[in-house]
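Working notes, beginning with the structure itself.
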Amino acid sequence: STVICVFEKDSIQIDEDLLANSSRSLETLVRVGTKLGLSTRKVSQTDL
Amino acid sequence: MGNGNSKIDSSSSSSSSDPDAEESRIARFKDRVHLRRFLRRRRKGTTNGRGFHSHTKLGSVEDFAGIAILTLIRARMNFKDKWLACVSFGEQTFRTGISDHTKEPAWNSEKKLLLEKDGPHIARISVFETNRISRNNLVGYCEIDLLEFLSQDSDSDTEELELLDPSPPNAVVGKISLSCSVEDPIETEKRFAKRILSIVDYNEDGELSFPEFSDLIDAFGNQVAASKKEELFKAADKNGDGVVTLDELAALLAAQQEKEPLMNCCPVCGEALEVSDKLNNMIHLTLCFDEGTGNQVMTGGFLTDKQAAYGWMFKLSEWAHFSSYDVGLNSGSSASHIVVYDRQKKRLVEEIIDGKIVLSMRAIYQSKVGLTLMDKGVKELLHSISEKQGKRMDSVESAKDIPHFIESFKDQINMNEVKHPLEYFKTFNEFFIRELKPGVRPIAHVECDDVAVCAADCRLMAFKSIDDSLRLWIKGRKFSVQGLLGQDISARAFMDGSLVIFRLAPQDYHRFHFPVSGFIEQIVDIPGCLYTVNPIAVNSKYCNVFTENKRSVSIISSSDFGKVAFVAIGATMVGSITFRKGKGDYVKKGEEFGYFSFGG
């Protein structure tokens, strides 16, 4: 079984290590509750 | 600049034209390299008689980056055999030679490892008995946190660790002696310059004439640097004697790497070098130059300790890379293994899939013939099998399968984390959806809702955009976000969004949690097939598991991330999706959302 999460465009900055592994088609073994990424919305709202 | 010299800031811009600032940055870089030894180590000042490096310990592990020299000295085993040992660290595994037939193998093999605060620091050491024909057998293993080891205040140069039997109850099967020390950063810098210099020092006088220096700059492959070789040569030749010495070259490389890097990529492995991380670049290059020179006693190129133990077959192709060792359509026999990166332990691990399952999955999911068969009733068959399996797993008799299941995944199921004892589970499905003890899965930044967390214990793939996910992972030709979310939910908000896949393996904790805090706007059930969600199917262009499988789509409305689509997808056998929260509920990140269980 699988869970897929889809985030709106430019709403999340996913952790670099996860993106880097995925870009090499390499799955990363993670545990529930560990960090996935940061919201980018506050930054852009502040900028606005 | 105030007390700027006392700070270490590797991210400083190097484009400033202020010469004071420039000098200050160079000084900071030198400080970063040189002063660390005063912060981190206490030199014991003696060699140990075996020709090993003098033992250097760390005073602090904060912000450490450097080269650790790990030496596997000897082992004391319970029986005689021919032994080899492996060290798995980060993405690589190295192995020693094979000992004589003895109870006390002596390897005296060393390996330099890149050690830094945020990088891998736990080394797994595995000892195998060797076989001439068949694969080697793992007899004992141990793990050592190198940063912790190096920061311990100990008078001894070596440490003896117990080797544990990989099968429960993990009895002690022997002991291994090892040593670990930190290479002096100045030594690292000197060795690096020496190695670089030796590439073009044709007359081996330890100095570079202008033609030799010119060849060296060409070898770096940097066009800009190549266009101003004379200028660089003059800058390096401090005493103006017409040659560049080892020290002068080292100074030039340190200064130049700070201003305008001479090397954009590693001349050995071709890896791009991060402009902002000079120290690590130097360490990377040092380690790369050492490979294959005989300086390193342990051989490398393996991804996992299982690979290093394959025996004679693997010798045919010692240098492996996971791209040639991956699952997928064109991966041949290696499709019986999946290599994943363990984020917590910071190393590659290998998952074995039963050979028969692989063959059947490849036959079904990776060929047009197989998928045509799918259309001729196999879909219904998969549903029927899953429903029957669900009923069986809900029966009291199924509980007798639990111990065998735990034994099959002995390395991957930690019963100490499970909330209830084994006797509590009256059916296999109850065990399958087991709860964990409170606190064993801490939620990262629990009070900060602008930090999203992983939704499951799983193998994760994350992509910044849908296009990236299609290019790198999801090969089904019919995949689309609208297809994933179904007809009742508009995909407009998620177009070109980021996509994260959490794949649960049978042995995993099967409850899924909220990645973000917010309100559940809606939950829509979508009926569908129960294809496998194994990478073999996901990577098949003929198969569209994410858009054809049975699934439930939830939309979570979050103030920090906007709308987040949470799609729980059922698979063969495990097709039952149960939610513990519903529409309109406010949920906190990390809170349990529901679980997958056996059924249709």
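Throughout, a chain's letter reflects where its sequence line sits, starting with A, and its residues are numbered from 1. Heavy-atom basis, side chains included; hydrogens, waters and symmetry copies ignored.
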A:E27 side-chain N/O to B:V340 backbone N/O, donor-acceptor pair under 3.5 Å: no

Check: A:S39 side chain, B:D450 main-chain N or O, donor-acceptor pair, under 3.5 Å: no

Looking at [options], which makes the most heavy-atom pairs under 4.5 Å with chain A?
{"options": "B:F596, B:F512, B:F546", "value": "B:F596"}
{"options": "B:D508, B:N549, B:V451, B:L484", "value": "B:V451"}
{"options": "B:A493, B:S469, B:A571", "value": "B:A493"}
{"options": "B:H510, B:R459, B:R551", "value": "B:R459"}
{"options": "B:V574, B:I577, B:I466, B:D496", "value": "B:D496"}

A:K35 atom NZ, neighbour heavy-atom count above 12 within 6.0 Å: yes

Flag if over 12 foreign heavy atoms under 6.0 Å of CD, B:E592: yes

Atom pair [atom1]/[atom2] of [X] and [Y] - distance to nearest 0.5 Å:
{"X": "A:S1", "Y": "B:F502", "atom1": "OG", "atom2": "CZ", "answer": "13.5 Å"}
{"X": "A:T34", "Y": "B:L460", "atom1": "OG1", "atom2": "CG", "answer": "8.0 Å"}
{"X": "A:D10", "Y": "B:K464", "atom1": "CG", "atom2": "NZ", "answer": "7.5 Å"}
{"X": "B:I501", "Y": "A:T2", "atom1": "CD1", "atom2": "OG1", "answer": "7.5 Å"}
{"X": "A:L29", "Y": "B:R347", "atom1": "CG", "atom2": "CZ", "answer": "10.5 Å"}
{"X": "A:L19", "Y": "B:D468", "atom1": "CG", "atom2": "CG", "answer": "8.5 Å"}

For the residue pair [X] and [Y], what are the closest heavy atoms and their distance?
{"X": "A:F7", "Y": "B:F494", "answer": "C-CD2, 4.1 Å"}
{"X": "A:I14", "Y": "B:F463", "answer": "CD1-O, 3.8 Å"}
{"X": "A:R41", "Y": "B:S559", "answer": "NE-O, 3.9 Å"}
{"X": "A:L36", "Y": "B:C454", "answer": "CB-N, 4.0 Å"}
{"X": "A:L26", "Y": "B:Y341", "answer": "CD2-CB, 3.8 Å"}

For residues 433-444 of chain B, tabulate all N or O donor-acceptor pairs below 3.5 Å that involve a side-chain atom, not counting sequence neighbours.
unit_1: B:R434; atom_1: NH1; unit_2: B:F431; atom_2: O; d: 3.2
unit_1: B:R434; atom_1: NH2; unit_2: B:Q507; atom_2: O; d: 2.8
unit_1: B:K437; atom_1: NZ; unit_2: B:N416; atom_2: O; d: 2.7
unit_1: B:R441; atom_1: NE; unit_2: B:D457; atom_2: OD1; d: 3.1
unit_1: B:R441; atom_1: NE; unit_2: B:D457; atom_2: OD2; d: 3.0
unit_1: B:R441; atom_1: NH1; unit_2: B:E417; atom_2: OE1; d: 3.3
unit_1: B:R441; atom_1: NH1; unit_2: B:E417; atom_2: OE2; d: 3.2
unit_1: B:R441; atom_1: NH2; unit_2: B:E417; atom_2: OE1; d: 3.0
unit_1: B:R441; atom_1: NH2; unit_2: B:D457; atom_2: OD2; d: 2.7

Under 4.5 Å heavy-atom distance to chain A, tell me which part of [X] shows up: side chain, backbone, both or neither.
{"X": "B:V446", "result": "neither"}
{"X": "B:F514", "result": "neither"}
{"X": "B:M573", "result": "neither"}
{"X": "B:A456", "result": "backbone"}

Reference residue B:R343; test side chain to side chain donor-acceptor pair (under 3.5 Å); the match among A:T28, A:D17, A:N21: A:D17

Non-neighbouring partners of A:S23 that pass side chain to side chain contact (heavy atoms under 4.5 Å, CB included), sequence neighbours left out: B:L472

